Amino acid sequence: MRVTVEEKEIKRANYRYAGFVRVRDEEGRTYRLPMPGTVAQWLEVGEQVELTLERPHAITFDNYRLSRKGLLLWPPFRREYVHERKAPLSGEVLYTYHLLAREARYERDYEAIVELEQYHYASDEEVLAEWYCEQCDVYQEANVRPTCPRCGRPMRFHDLKSATRASRFLVFELLSGAAYEPRYVAYVRVDPPIPLMNRRLPDGRIQKNIRQAVFPPEWFAHPFHPKGREGRSWWEVQEEALREARSPVSRLARVVVHPDYRVDGLGQRAVLTLFDWMRERWVPEMRVEKEAVETIAMMARYNPFMEKVGFIYLWDTGSGRPVLYYPLSERAREYIERFLAEDPVAREHGGRLYRPRFDARPSLPGPIRLEDVQKGYTNRLTVEDLSEPVRRLLEAFGVRYRVIQKYVIRRATATFAPGTVNVIIGGSGSGKTTLLRVLYGALTGKEDPLYQVDGGKIEVPEGARAQALLPGELEPEFGEAPIAEVLYRITGDEALAVEILNYAGISDAVLYRAPYRELSTGQKERARLAYVLAHRPNVVLIDEFVAHLDTPTALRVARRLASLAREQGITLFLVLHRQEILPALEPDGVYVVGYGTFFPLEEWPERGLKVREPYATLIVEGKKRWEIRKHPTRVRGRVGIISRGKVIGSVEITGVRGPFTPEELAEHQDKHQAPPEVLRAFANSQAYKGRPCAYARNTSGGA
């Protein structure tokens with residue numbers, strides 16, 4: 001039905017999420033429509049609109065529709081989106097975000113906006129929001145909901161200090177998140193275009209009203225420009241400005257994404273959704289169809305996501321801030337392209353502002369080769385120099401002096417091509433870190449025996465620039481300086497420092513100024529990765545990769561690092577304890593290290609042999625070559641050695657010998673490592689006493 005707007009009921013204190021519009025139909029019936037003041041304020045008393053009612057006698061926020069000339073004004077914009085993150089090589093979906101994008105309409109939405117704003121902009125000196133006590137008529141500034149200083153009751157949200165009445169907000173809720181993930185992950189703010197804009201030329205001269213030289217002057221003839229208070233309140237001045245404002249251009253005033261989700265494209269998704277909102281609802285004022293989006297963002301010099309969604313850089317403002325436009329209509333695109341072609345300064349930059357700076361090339365000129373590499377350790381355990389009580393304690397367990405010798409890596413042979421992603425897996429203490437050590441030693445010429453092989457050789461091409469992260473052993477030195485400052489000192493380029501922090505998964509500007517000691521455990525892990533990348537290596541070795549990150553964050557960091565490595569030709573060696581991260585890396589090779597063994601995962605044996613300790617470890621170390629069994633076997637080839645329910649390595653079964661009597665077996669103790677008491681027990685068993693029916697599996701390889 002056609003109705004006429006008779007009255008707007010909007011209170012200053014809660015206009016963001018409360019309000020009413022009273023309308024009258026052609027038969028004189030009136031309806032009181034609930035609608036936040038952020039929408040109601042754009043309607044004019046006396047104008048006619050179309051009203052559709054579901055229940056005329058019980059009108060709620062959600063059961064009516066209001067439109068003007070076919071443009072839907074209410075209910076507010078609401079749409080679900082699926083944001084997929086895909087593997088860097090195969091394109092298979094790794095994980096998915098289910099997002100609900102909707103215009104802010106509840107008080108809780110604005111509380112979430114304040115919280116997100118703090119993540120991005122707040123400091124100890126800056127307060128972001130105003131709050132109101134209905135009981136005491138008191139306003140107060142705070143970043144979280146305060147209690148009234150007079151009555152002690154929780155105050156209500158009033159407004160963001162940086163916003164105007166013309167500002168409208170789109171919030172993004174995570175529908176598919178885990179219990180520990182935030183509900184709100186982003187918000188976008190849209191405003192009318194700024195009233196005036198000048199251009200700073202490279203020589204410092206100022207060109208007045210630059211927009212009118214590119215777009216039709218009428219596009220900016222009716223800005224939102226509160227002025228001339230003359231005894232009136234700021235609220236009243238803005239009310240007057242709202243009545244005049246209209247433009248086919250809207251301004252993207254703010255995009256804020258939760259810091260844990262910024263490196264996963266949610267900022268781009270938020271801006272693309274804003275475009276949908278503008279096209280459908282003509283926000284913010286809903287009076288003129290939108291043809292372009294304007295944004296003024298110094299951040300665009302350091303982060304490319306605006307340009308990734310299609311924004312085009314045109315000029316700097318008089319104060320030196322970059323201005324970018326996104327054409328919503330073909331007409332706007334033609335105006336922009338003409339300006340870029342005809343203006344000499346614009347022709348020079350070609351519409352591009354951000355230039356990627358990270359470059360780890362040249363990559364390795366050839367492969368890294370391991371040939372029969374061996375690495376062992378000798379530990380001498382003694383009770384000397386211990387206190388008397390501790391010495392008695394150890395001696396009670398028979399511990400006095402012992403020399404422990406073992407091979408951690410035995411006859412490891414492999415070729416790693418340049419620019420490949422290589423993952424190393426295996427049990428705790430199996431030798432993964434040792435493998436990284438000897439690789440790093442070969443790549444850097446480190447002479448410490450800890451980083452040298454005991455046998456075989458590692459061939460590395462010239463030109464290797466290696467960086468390693470071995471927790472507790474090879475770690476960055478941040479000191480007390482902010483992490484961005486540390487990276488700037490390494491790179492000599494502040495924009496590159498930010499780019500590297502983004503690659504590592506730190507995109508929160510507040511964290512850029514934090515010293516390393518103030519970061520959380522997960523943030524420290526990402527900062528260490530950024531430190532390594534800041535040296536622009538062509539080989540990176542990381543132990544315990546993403547060990548301290550939750551699974552969603554680990555997947556994001558892994559996916560981004562693997563993509564960067566392939567783009568830049570960086571050879572990666574990552575020790576990984578969490579196999580759920582493998583799809584995000586899409587490694588070129590996965591290698592199993594286990595108590596002397598080393599082999600590609602694709603060669604993982606299909607069969608296993610359960611062996612008790614200490615014999616299982618002796619087998620994989622190559623010290624025990626015969627395994628005594630009651631019956632012969634036809635199994636040949638590689639089998640896994642299973643100890644305590646875990647595969648600790650693999651060997652080749654080359655044949656079966658015997659049967660042997662216990663006396664014959666005693667002559668080959670060096671092969672089977674069974675002590676005399678075990679053979680005596682075997683000889684005296686009822687099942688085999690006096691019968692030569694013991695068989696020995698002959699194993700070889702130990703790797």
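From a predicted model like this one, the values you see are computed outputs, not experimental measurements. One-based numbering along the sequence shown.
Side chains of T38 and R168: a donor-acceptor N/O pair is absent below 3.5 angstrom, by distance only. Y184 and E111 form no side-chain donor-acceptor contact under 3.5 Å, judged by distance and modelled atom types alone. No side-chain donor from either of D109 and Y187 sits under 3.5 Å from a side-chain acceptor of the other. Judged by distance alone, the side chains of R560 and S563 never bring a donor and an acceptor atom under 3.5 Å apart.
The main-chain N or O of E50 is never found under 3.5 Å from a side-chain atom of R2 such that the two would form a donor-acceptor pair.
Ring-plane geometry between W219 and F215 is classed as parallel, the angle between the planes falling under 30 degrees on a 0 to 90 degree scale with a further cut at 60.
Residues that satisfy the side-chain hydrogen bond (donor to acceptor under 3.5 Å, both in side chains) test with R200, not counting sequence neighbours, are absent from this structure. Taking the salt bridge (Lys or Arg N to Asp or Glu O under 4.0 Å) definition, one finds that R352 meets it with nothing, sequence neighbours left out. Taking T295 as the reference, nothing meets the side-chain hydrogen bond (donor to acceptor under 3.5 Å, both in side chains) condition, with sequence neighbours excluded. Here E84 pairs with nothing under the side-chain hydrogen bond (donor to acceptor under 3.5 Å, both in side chains) rule; sequence neighbours left out. For K524, there are no salt bridge (Lys or Arg N to Asp or Glu O under 4.0 Å) partners at least two apart in sequence or on another chain. Qualifying side-chain hydrogen bond (donor to acceptor under 3.5 Å, both in side chains) partners for E44, counting only residues two or more places apart in sequence or in other chains: R287.
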Walk me through whether W315 and Y325 qualify under ring-ring contact (aromatic ring centres under 6.0 Å, His included). CA-CA 10 Å; W315 55 73; Y325 279 84; 5.8 Å; yes
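Within the 6.0 Å centre-distance limit, the rings of F157 and W131 are counted as a close aromatic pair.
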